[in-house]
Amino acid sequence: AVALPSGGLEVYFDVETDPMRDFCYLHGLLERSGVDGSTVTYISFFADTPTSDAEKTIFKQAWEYIQSKQPSAFFFYSPYERTIYRRLATRYPDIASGEEVNRLFQSASSFDLYHDLVRSKMEWPTKDLSIKTIATFLGFYWRDPEPSGAASIQWFHLWVETGDDLMKKRILDYNEDDCRAMIVLVDAVRALQADARNNQRGFEKGKA
């Protein structure tokens with residue numbers, strides 16, 4: 001049993017970072033709304049240059065956007081996003097404090113799909129529990145033929161060196177697909193829960 005946060009608005013969150021530069025170059029958020037969840041919008045905050053000013057600017061934009069969407073069901077995969085936001089809060093305390101970041105990620109409406117669901121509440125017949133492996137098992141495919149965090153970093157390096165818009169598009173498409181993969185997981189789990197409830201009702205009706 002696990003209670004996924006729910007409501008009129010869901011936000012799926014994923015960041016892209018370059019560890020060699022110690023730099024966060026993209027905050028990606030996929031917003032899903034509507035009674036049937038049919039309205040899906042991707043919002044990105046991308047650093048066009050690998051500078052502290054650019055990193056601070058997109059952190060501010062992303063933080064303000066996230067705050068403007070509260071309360072909402074806020075999904076992410078693994079503690080990595082929280083770790084990066086704590087680091088950014090230390091670096092740019094005038095944008096957000098560490099306490100504010102902790103409050104966001106520890107709220108009842110925030111949910112770590114990896115730590116609080118996949119790893120601790122489920123068993124999967126897969127080689128690992130990465131979002132790519134899980135979502136692929138569920139029938140989802142990334143648009144890029146070589147999707148990975150390492151590839152995203154390489155594309156960012158090429159973007160910085162050449163300004164090639166194709167590299168930026170690959171990064172954004174990859175990040176959006178990471179967010180969409182989380183939706184696939186959430187929907188699959190909710191379908192399993194609905195089946196379990198229906199089976200339980202059928203069992204109880206049969207006993208009556």
Side-chain angles (χ1 to χ4, degrees), residues 5 7-33 39-115 131 149-165 167-183:
L9 177 66
E10 297 175 352
V11 176
Y12 296 82
F13 177 50
D14 186 56
V15 299
E16 304 294 338
T17 64
D18 179 352
M20 290 175 281
R21 290 187 170 96
D22 188 19
F23 185 74
C24 179
Y25 56 88
L26 174 61
H27 306 249
L29 304 111
L30 197 65
E31 183 180 309
R32 180 163 72 164
S33 60
T39 303
V40 179
T41 306
Y42 176 65
I43 300 95
S44 63
F45 302 97
F46 183 85
D48 285 323
T49 58
T51 64
S52 59
D53 284 346
E55 183 181 60
K56 181 178 181 179
T57 295
I58 63 170
F59 177 43
K60 181 176 187 294
Q61 292 170 342
W63 180 256
E64 290 176 349
Y65 168 81
I66 292 169
Q67 295 304 304
S68 74
K69 299 299 177 179
Q70 299 305 313
S72 63
F74 188 65
F75 293 100
F76 47 97
Y77 200 87
S78 89
Y80 187 68
E81 276 65 30
R82 178 174 53 199
T83 299
I84 293 301
Y85 262 46
R86 285 174 176 167
R87 187 181 305 168
L88 291 171
T90 300
R91 197 171 291 170
Y92 310 111
D94 54 323
I95 305 299
S97 67
E99 182 180 347
E100 288 173 315
V101 168
N102 288 337
R103 192 180 306 131
L104 168 67
F105 284 92
Q106 294 171 1
S107 72
S109 60
S110 295
F111 197 88
D112 181 341
L113 289 165
Y114 172 73
H115 185 272
I131 187 60
S152 177
I153 295 169
Q154 180 183 12
W155 300 333
F156 182 69
H157 285 196
L158 291 171
W159 159 257
V160 170
E161 293 172 1
T162 67
D164 184 350
D165 286 337
M167 294 299 105
K168 181 176 180 179
K169 185 178 187 307
R170 289 185 80 175
I171 295 168
L172 295 174
D173 286 350
Y174 164 71
N175 182 264
E176 179 181 348
D177 285 348
D178 270 0
C179 294
R180 288 184 179 275
M182 286 187 267
I183 288 183

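Values in this document were obtained by computation on a predicted structure and should not be read as measured data.
- Residues F76 and F111 place their aromatic rings such that the two centres sit no closer than 6.0 Å.
- Just one of R170, R21, E161 meets the side chain to side chain contact (heavy atoms under 4.5 Å, CB included) condition when paired with F156; it is R21.
- In this structure, the side chain of E81 engages the main chain of V15 through a donor-acceptor pair within 3.5 Å.
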After noting the C-alpha distance and the side-chain angles of K168 and D48, does the key distance pass the salt bridge (charged side-chain N to carboxylate O under 4.0 Å, His left out) rule? CA-CA 9 Å; K168 181 176 180 179; D48 285 323; 3.3 Å; yes
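- Other residues, nucleotides and ligands contribute over 12 non-hydrogen atoms within 6.0 Å of the NE2 atom of H157.
- The aromatic rings of Y77 and Y114 lie tilted to each other, with the angle between the two planes from 30° to 60°.
- The backbone N or O of G28 sits nowhere less than 3.5 Å from a side-chain atom of D14 that would complete a donor-acceptor pair.
- In this structure, the side chain of S72 does not engage the main chain of E10 through any donor-acceptor pair within 3.5 Å.
- A tilted orientation is assigned to the rings of F105 and F13, their planes being inclined by 30° to 60°.
- Side-chain polar atoms of E31 and Y65 form a donor-acceptor pair below 3.5 angstrom.
- Residues S52 and Y92 bring no donor and acceptor atom of their side chains to less than 3.5 Å of each other.
- By the 4.0 Å N-to-carboxylate-O rule, D22 lies close enough to R91 to be salt-bridged with it.
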